[in-house]
Every structure is written in structure tokens, then in C-alpha cells.
Chemist: 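Here it is, the structure, as C-alpha cells.
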Amino acid sequence: MRRGSAHCHWLDLKRTRGRYRACSLDGSGGARRMEPNSDEDKLFRPSYVASMELPERTGLVNVEDIKTNLSDEFSLASSSSDMSRRSSLEPRAHIQVSLRIKPFTALERANGSQGCVSLEDSTSVILKPPKSSLSRLLEKTAGQTIQKFTFSRVFGPEATQEEFFEGTMKQPVQDFLEGCNRLVFTYGITNAGKTYTFQGTEDDVGILPRTMDMLFKTIGGRLYTKMDLKPIRWRDYIKLTKDQVREETALKNSLLRLTREVGGYFIKKR
């Protein structure tokens, strides 16, 4: 196995105050963005949070009345919740780990690459050393190098993008639409196939485009079409005035223009 640095692609699905949010993050934990080429290209993003007036505190806050044991209240609220929904969520583990085995490329097959992973069933794989290394191992230690690993689900090299999405992402997306937060990420060494699984290609998209397609098809008739709401961090938003909407529209158009210019530059460069 070739050494390489591990990178993650994240898909964070959160539902806040009846609105949905899905964002793709890179391995550093930050949203992907393009830096402007010069100071002239830097775009100013207006903020209207500072203009909001906060209520003035009139005196000391007495917290003695809220120092109480809320265990009983939470127990009652939990027991009165929808039992059918809870029963549908309880059988699933808190963390689902799926393994996808990357097929050999044409170059790897031509170079005589040997498979080290074999499927035992839909949840387990056997990891063996390459045949070329067995001659260097003593007969007593050769059997000790064979290891078995168990996952929530295993997908072989022949698994398609659609099959992988159906087996791993469809249920978490459905849970998210029902009000649950979900976090999904791909993990592996360099050149393991993370980007292909997460983003896919133009002709065969990955789990991120398929997730967004499922989300928007589900809420298609309930979308807020106006552009006068602006989110504040994660849990709040403000309603923009007509002048503020024009400023946000101008900013969006500038970003799109910059994206096209940078994208065209890279295409010509290649």
C-alpha cells in the first residue's frame, strides 16, 4: 500500500428553524473559496448585523429560579415523543462506516498489481499480503499477516455510483428531511478515490450532487423564492431591505464573474 497523506471531504447536513443547509468543506475544515488576484479584485461583503439594536439590560439577572433538576421534565418529553419515529432511528448505530474498494486502473493491471483485499460477505473483508511478499515471510508468520475487518457495509470494485449512494446516503438524507442532523465524510489515503466518490464526474456524479438533487426534488414545491433573507452564522437570519438586496445581488454577480474568469484561465492554461 502506497503511503500518502489522508484528506477528508465533508458533507454537513443541518436543519435550523425549518430551513435546510448543506455545505461542502475541504480537508482543512473550511469552505472552499477562491482568493482574488489583487487588491482591486477584493470584494467587500456588507454586514447588517452591526446595525441591529440589542435590548439594553436594566438590572441584575436573577438565575436562582432556573437552578433546578430538569431530568424529570426531559424524561416526560422523551416518553411523549413519536414512538414510531424513535423506533425507526434506534436500530441504526450512531456511526455507520462503509468501505468502498477501488478497482485497479488499466496502468496498474498492466504493471501486474496484485489485489490484497477480498470480500468475505457484505460487511467483512479479508486483508492478505501480496503474493510477491509471501516468499520473504516465514511459514509460521505468513498466517498471522491475514487480517479480517468488519464494517457497516462493504462495496466491491464493481459497485456503481448509484448503488453506493443508495446503500450509504439515501437513508441519512431522508433522516435529515425528517429533522435530524447528519454528517457524512470520505476518508482515505491519497489517490484512494475520495474525490470520485464524493463529487464524481460530469457523466457519473458522486454522493454530493446526488444528495443535493434529492434534497431539492423533495422540497421543490416549498422553496422560498425571494432573495431578501440573509443567514447569520448558523441559527439566525435577518430580512434585507431593497437597497441591501441590490448590494447582495451585485456581490453575487461579481463573484460569479470572478469564478468564470478564473475558471477560463485554468482551462486555457492546461
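Computed from heavy atoms alone, side chains included, the values below leave out hydrogens, waters and symmetry copies. When a residue number appears, it is its place in the shown sequence, counting from 1. Everything numeric in this text was worked out from a predicted model, so none of it was measured.
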Chemist: Roughly how far apart are Gln161 CD and Asp203 CG, rounded to 0.5 Å?
Modeler: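 Nearest 0.5 Å value for the CD-CG distance: 11.5 Å.
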
Chemist: Mind checking what makes side chain to side chain donor-acceptor pair (under 3.5 Å) contact with Arg153, not counting sequence neighbours?
Modeler: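 By the side chain to side chain donor-acceptor pair (under 3.5 Å) rule, Arg153 matches no residue at all.
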
Chemist: Would the distance check show the side chain of Asp213 and the main-chain N or O of Pro209 forming a donor-acceptor pair, the cut-off being under 3.5 Å?
Modeler: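 Between the backbone of Pro209 and the side chain of Asp213 there is no qualifying donor-acceptor contact (under 3.5 Å).
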
Chemist: How long is the straight-line distance from CD1 of Ile238 back to CD of Gln244, given to the nearest 0.5 Å?
Modeler: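 The CD atom of Gln244 sits 6.0 Å away from the CD1 atom of Ile238.
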
Chemist: Heavy atoms only: give me the nearest Thr150-Ser124 pair and the separation to one decimal.
Modeler: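 Result for this residue pair: OG1-OG, 3.4 Å.
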
Chemist: Minimum heavy-atom separation for Val205 and Arg210, please, with both atom names.
Modeler: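 Result for this residue pair: O-NE, 3.0 Å.
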
Chemist: Locate the shortest heavy-atom distance separating Arg109 from Phe104; write the atom from each residue and the value.
Modeler: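 Smallest heavy-atom distance, with atoms named: NH1-O, 2.8 Å.
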
Chemist: Check for me, please, whether Phe216 and Met227 land in the same ILVMFWY cluster - side-chain distances under 4.5 Å, paths through other members count.
Modeler: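 Each belongs to a different hydrophobic cluster.
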
Chemist: Given side chain to side chain contact (heavy atoms under 4.5 Å, CB included), test Thr218 with Val173 step by step and report yes or no.
Modeler: CA-CA 10 Å; Thr218 304; Val173 174; over 6 Å; no

Chemist: Membership question, hydrophobic clusters at under 4.5 Å side-chain separation (ILVMFWY): are Val184 and Met212 in the same one?
Modeler: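 Result: yes, single cluster for both.
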
Chemist: Would you name the heavy atoms of Tyr187 and Lys194 that are closest together and state the gap between them?
Modeler: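 Where Tyr187 meets Lys194 most closely, the heavy atoms are C-CD, 3.7 Å.
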
Chemist: Between atom CG of Leu177 and atom CD of Gln174, what is the distance when rounded to the nearest 0.5 Å?
Modeler: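 Result: 5.5 Å between the selected atoms.
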
Chemist: Consider only side-chain heavy atoms of I, L, V, M, F, W and Y, link residues closer than 4.5 Å, and tell whether Val154 and Ile95 are in one cluster.
Modeler: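 Per the 4.5 Å side-chain linkage, Val154 and Ile95 are co-clustered.
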
Chemist: Going by salt bridge (Lys or Arg N to Asp or Glu O under 4.0 Å), name the residues that satisfy it together with Lys170, two or more places apart in sequence or in a different chain.
Modeler: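 Glu166.
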
Chemist: Return the NZ to CG distance between Lys230 and Leu240, rounded to the nearest 0.5 Å.
Modeler: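 The NZ atom of Lys230 sits 7.0 Å away from the CG atom of Leu240.
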
Chemist: Between Phe149 and Leu99, does a side chain to side chain contact (heavy atoms under 4.5 Å, CB included) hold up when you go through it step by step?
Modeler: CA-CA 10 Å; Phe149 296 91; Leu99 172 68; over 6 Å; no

Chemist: Could you work out, with salt bridge (Lys or Arg N to Asp or Glu O under 4.0 Å) as the rule, every residue matching Arg100, not counting sequence neighbours?
Modeler: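 None.
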
Chemist: So, for Leu119 and Ile101, which heavy atoms are closest and what is the spacing to 0.1 Å?
Modeler: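 Of all heavy-atom pairs spanning Leu119 and Ile101, the closest is CD1-CD1, 3.3 Å.
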
Chemist: Apply side chain to side chain contact (heavy atoms under 4.5 Å, CB included) to Ile207 and Phe198, showing your working.
Modeler: CA-CA 5 Å; Ile207 61 175; Phe198 197 78; 3.9 Å; yes

Chemist: Checking side chain to side chain contact (heavy atoms under 4.5 Å, CB included) for the pair Leu215/Phe176: CA distance, chi angles, key distance, verdict?
Modeler: CA-CA 9 Å; Leu215 288 175; Phe176 166 68; 3.5 Å; yes

Chemist: How long is the straight-line distance from OG1 of Thr197 back to CZ of Phe164, given to the nearest 0.5 Å?
Modeler: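 One gets 5.5 Å once the value is rounded to the nearest 0.5 Å.
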
Chemist: Considering residues, nucleotides and ligands other than Lys102, do more than 12 of their heavy atoms fall under 6.0 Å from its NZ?
Modeler: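 More than 12 within 6.0 Å, yes.
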
Chemist: Do Val125 and Val97 sit in one hydrophobic cluster, given that two such residues count as connected whenever their side-chain heavy atoms are within less than 4.5 Å of each other, even indirectly?
Modeler: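 Yes, it is one cluster - the side chains of Val125 and Val97 are joined through contacts under 4.5 Å.
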
Chemist: Please report the interatomic distance CG(Leu251) to CG(Leu256), rounded to the nearest 0.5 Å.
Modeler: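 With rounding to 0.5 Å, CG (Leu251) is 9.5 Å from CG (Leu256).
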
Chemist: Quick check: closest heavy atoms across Glu163 and Glu158, and the distance to 0.1 Å?
Modeler: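 That closest heavy-atom pairing would be OE1-O, 4.2 Å.
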
